[in-house]
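Structure record follows, encoded as structure tokens.
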Amino acid sequence: MKVPVEMTINGRSYCGEVEPRQLLVHFIREEAGLTGTKVGCDTSQCGSCTVRLDGIGVKSCTALTVQADGSSITTIEGLSDGVELHPLQEAFWNKHGLQCGFCTPGMILAAAELLRTNPSPTRDEIRHGLEGNICRCTGYQNIVLAVEEAAGKMGGS
Amino acid sequence: MTMRVFGSGIRRREDPRLITGRASYTDDIKLQGMAHAAILRSPYAHARIRSVDTSGVEGQPGVLAVFTGEDTDGVLNGIPCAWLIPESDLKTPDHPAIAKDRVRYVGDAVAVVVAESRYEAEDALERIEVDYEPLEVVVSPREAAQDGAPQIHDDVPNNVAFTWALAGGDTDEAFSNADVTVGDTIMLQRLIANAMEPRSAIAQWVGPTGDLTLWSTSQNPHIARFLTSVVTGVPEHKVRVIAPEVGGGFGSKIPYYPDEAVTAFCSMKLGIPVKWTETRSEDYQITTQGRDHVEEVEMAATSDGKITGLRTTVYAGLGAYLSTASPGIPTILHGLMYSGPYDIPNISGTIYGVFNNGAPVDAYRGAGRPEATMLIERLVDLLAAKLDVDPVEVRRKNFIPAFEDGHDVATGITYDSGDYNATLDICLDAADYASLRARQADARKEGRHVGIGVGTYVEICGLGPSQVAGAVGFQGGLWESAIVRFHPTGKVNVMVGSSPHGQGEETTFAQIVAGEVGVDVDDVEVIHGDTDITPMGWGTYGSRTTAVSGAAVAVATRKIKEKSKALAAHLLEAAAEDIEYEGGRFFVRGSPDQHKTIQDIALMANVAWDMPEGMEPGLEASAFYDPPNFTYPFGAHLAVVEVDAQTGHVELQQYYAVDDCGVQINPMIVEGQVHGGVVQGAGPALWEGAVYDDDGQLLTGSMLDYALPRADLLPEIEVLSNTTPSPHHPLGVKGIGEAGTIASTAAVYNAVMDALRPLGVSGVDMPLTPEKVWRAINQSQNGG
């Protein structure tokens, strides 16, 4: 049995017929072809699949495609046009907040969610705010500095 | 043009594609007509396979094929081991890509299904019936080596794959004459690398031409090509391996795995592209793990703290099969490093490489050196405690004095350069060691348990001279090659055989070229990871990429410079010896206005309208760099912890890392490597560990169960450095990829033991979880 779904991803409309069990991350990657969103685990621990769903950061491996029917999603590809970077992207670059880059899309989206709810986090709040995302390369230190820099540029203090 | 690029912490050139989601990792690649493979894995750690019934799979939705060990037997060769250490009676039992008669660890492949989608392939796996006859299991490497232990391979008595011995000086005499001795049994638990990108492979076989292309999450695509050829029988020149963006490896993407071979097999059978990507849970079961040492160690010393001898017996778990490099890790990369930064005249060790019923063990960040550093630094702290002196003083008393060009140690190797007191001084100053000790004393008066731990180390990297590689049984060379190609517009492509996957060499190699011939760093594009377009290289591991591959880039660029000088002389109508170079310009000595830029030269060389007699057109050079020696980075780390005696909880409060990796090309990247390395070493001290139960079931089988370091568990790490150039390296570089991991496990462990000493606790096995620490305190305080 397949179910029709329709959603907007990064401003474009996508529709398809999917199995009810399909994970949202697989729709984003396989059907929409937006592979910037990553699958790093199978237990909702790593956060590499984080996207923005109707304005709120969610782990797209923890939602079914059918649950996202009718929603509007932003992935890393839609966070900026790729030329003019989002302040978080710029800050991750400036502060060397990434190495292999695999966790980075999810980390940036999770950081965006953190700054949405707390525009001026302390370093400690950043560390706690990102505890749902795992990075194996950076030891998190430069990620914290990047989020701090971006918060400053985005109007937080 | 004179901006100093070499040595600057410039932003990375690889980042724009990574921060915008435009990078393509293997699993992001979708080929026309591609099918998906899923592999059925043994739920038993050791069992005989009575039968495999795949009839239930036939006709299932989307299913294209199912294969078992019967199908691959005789078609795929066994998965090879590529480090055949000499003088060790090494046994290399067969490792079939798909098990046919017997499985030896949870995760051993039993069958593969190819279907139109991943979901359909995984559905079909559930319809395969396998009749297993469970066999006895052994997990501990020490127990596996005892008489009567379950036999994992029939032709390997007592599961001992090899016995490797090391002897320098006269250790027996050192111990019989010792004023004091200290000893311990150190358990270095199995670790799971957890590269954030799960492993993946896509195989595309083109039957009519006999070409096999393999996209693979590999740290060393050229080795993968060679081994793919060995296993599949496709000639090496018809195999192309592409390691696209690779999301971390830490050693776990060095080995050649059964999965890549099975994926290739499926594509060759079906004539269509096939993708296989592991789930994270699969990764935990099958991707090579690290460490798994049981180390019985002792140290001899004089009463005033001079170390006179070190003796070890090590049981190194290898898992169920030999992996690509596994015999070399606990021997060459471990035993030879037993002297650490110390002058220890007598050193001996016996290392048993032992099969056990777990995932194969191979290189994991530091690979052998964290295991060596841990035992040395643990013993030094035990010696200090026994003599009741500051552990820093024991280190100072035994450090090899500073040297610039070569120092022999008792294990038979020659360190290149070192200044161990300097890094320790910088570390203690940064941490304000005296104040820390005062703070600790105050805390103890309040009944709080603060601990300070030091970890000093020397590591071997920049692997390595190929002649030595051959002598120690590595089935390959360890040189690297590079091609530097100037285009007519003065822009540059650099092709390297190494394959960085997060370490940033697209940036540092551009900085090398920019530093040598004065081009803008943005005018250099570094290409790697495709065996069809890059020259031969042995890969990215062992902190060797900048040290060895970077040297090849430097040497090739210097050849460009020499040719440019000669062409400039011709164009400026001067003698070559009168041409000087500065900041991208070649000019006649004394007349800087009479010059040609490197861009002028690139154009003239490429159009070749006016070349000197005998000079070939083009501006391109290649270099093959075979290092004359290894490099030996070193450093001193310090950790401060506080233990809550009521709960056993350890808080890592402060961390100082001082590393000397020789000349730094990009200090920002160096610092990032240290951050990540320190956390990967602190993890096993406090949280991380792969746990198999007595039946060989992996209890830590997902990220839910395996305690990876998270942002909120860590303090800010203060990173400092010193620079002692490698005397034999063209750039003075040593390598930094593994340093943090090598030092930090010992520093954090020693800090916790320092905190617990007043409570009468002298040793606890890692990881130092609240439960274990609490039990140790309770046992000590209440006598059990």
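This is a predicted model, so every value here is computed, not measured. By convention in this document, chain letters (A, B, ...) are assigned in the order of the sequence lines, proteins followed by strands, and residues within each chain are numbered from 1. We use all heavy atoms of the structure for the numbers below, so side chains are in, but hydrogens, waters and symmetry mates are not.
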For each of Leu98(A), Leu88(A), Asn94(A), tally heavy-atom pairs with chain B at distances under 4.5 Å, and name the one with the top tally. Leu98(A)
Top contributor to chain A interface from Gly248(B), Ala711(B), Ser117(B) [non-hydrogen pairs under 4.5 Å]: Ala711(B)
With only heavy atoms counted, which part of His26(A) is less than 4.5 Å from chain B, the side chain, the backbone, both or neither? side chain
Below 4.5 Å from any heavy atom of chain B, which atoms of Leu79(A) appear? Answer side chain, backbone, both or neither. neither
Which answer fits Leu23(A), side chain, backbone, both or neither, if we ask what part of it has an atom under 4.5 Å from a heavy atom of chain B? both
Pick one of side chain, backbone, both or neither for Asp27(B), based on which atoms fall under 4.5 Å of a heavy atom in chain A. both
So, the part of Val39(A) with a heavy atom under 4.5 Å from chain B: the answer is backbone
Under 3.5 Å, is there a donor-acceptor pair linking the side chains of Ser72(A) and Asp54(A)? no
Under the rule for side-chain hydrogen bond (donor to acceptor under 3.5 Å, both in side chains), what residues qualify as partners of Asp123(B), not counting sequence neighbours? Arg21(A)
For Asn142(A), enumerate each residue passing the side chain to side chain contact (heavy atoms under 4.5 Å, CB included) test, keeping only those at least two apart in sequence or located in another chain. His96(A), Leu145(A), His675(B)
So for Pro500(B), is it side chain, backbone, both, or neither that comes closer than 4.5 Å to the heavy atoms of chain A? neither
Among Gly9(B), Gly740(B), Pro709(B), which has the most heavy-atom pairs under 4.5 Å with chain A? Pro709(B)
Relative to chain A, which of Thr279(B), Leu714(B), Val679(B), Ile29(B) shows the most heavy atom pairs under 4.5 Å? Leu714(B)
Got a salt bridge between Arg17(B) and Glu506(B), using NZ or NE/NH1/NH2 to carboxylate O under 4.0 Å? yes
Should we count CD of Gln32(B) as having more than 12 external heavy atoms under 6.0 Å? no
Give a yes or no on whether a salt bridge exists between Arg11(B) and Glu90(A), defined as a side-chain N under 4.0 angstrom from a carboxylate O. yes
Distance flag, aromatic centroids of His637(B) and Tyr656(B), threshold under 6.0 Å: no
So, are Arg22(B) and Glu14(B) salt-bridged, with charged N and O less than 4.0 Å apart? no
Is it the side chain or the backbone of Tyr284(B) that comes within 4.5 Å of chain A heavy atoms, both, or neither? neither
Using heavy-atom distances under 4.5 Å, tell me whether Thr104(A) contacts chain B through its side chain, its backbone, both, or neither. side chain
Hey, are Ser252(B) and Thr288(B) close enough side-chain-wise for a donor-acceptor pair under 3.5 Å? no
What one should report as the nearest heavy-atom pair of Ala682(B) and Val748(B) is CB-CG2, 4.1 Å
Using a cut-off of under 4.5 Å on heavy-atom pairs, state which of Ile717(B), Val246(B), Ile669(B), Leu708(B) scores highest against chain A. Ile717(B)
With a 4.5 Å cut-off on heavy-atom pairs, point out which of Gly36(A), Cys135(A), Cys137(A), Cys100(A) contacts chain B the most. Cys100(A)
When the 4.5 angstrom heavy-atom criterion is applied to Tyr140(A) and chain B, the contacting part is side chain
Part of Gln673(B) lying under 4.5 Å from any heavy atom of chain A: both
Are Thr75(A) and Asn10(A) close enough that a side-chain donor and a side-chain acceptor fall under 3.5 Å? yes
Pairs of heavy atoms under 4.5 Å with chain B: top-ranked of Cys46(A), Gly101(A), Gly78(A): Gly101(A)
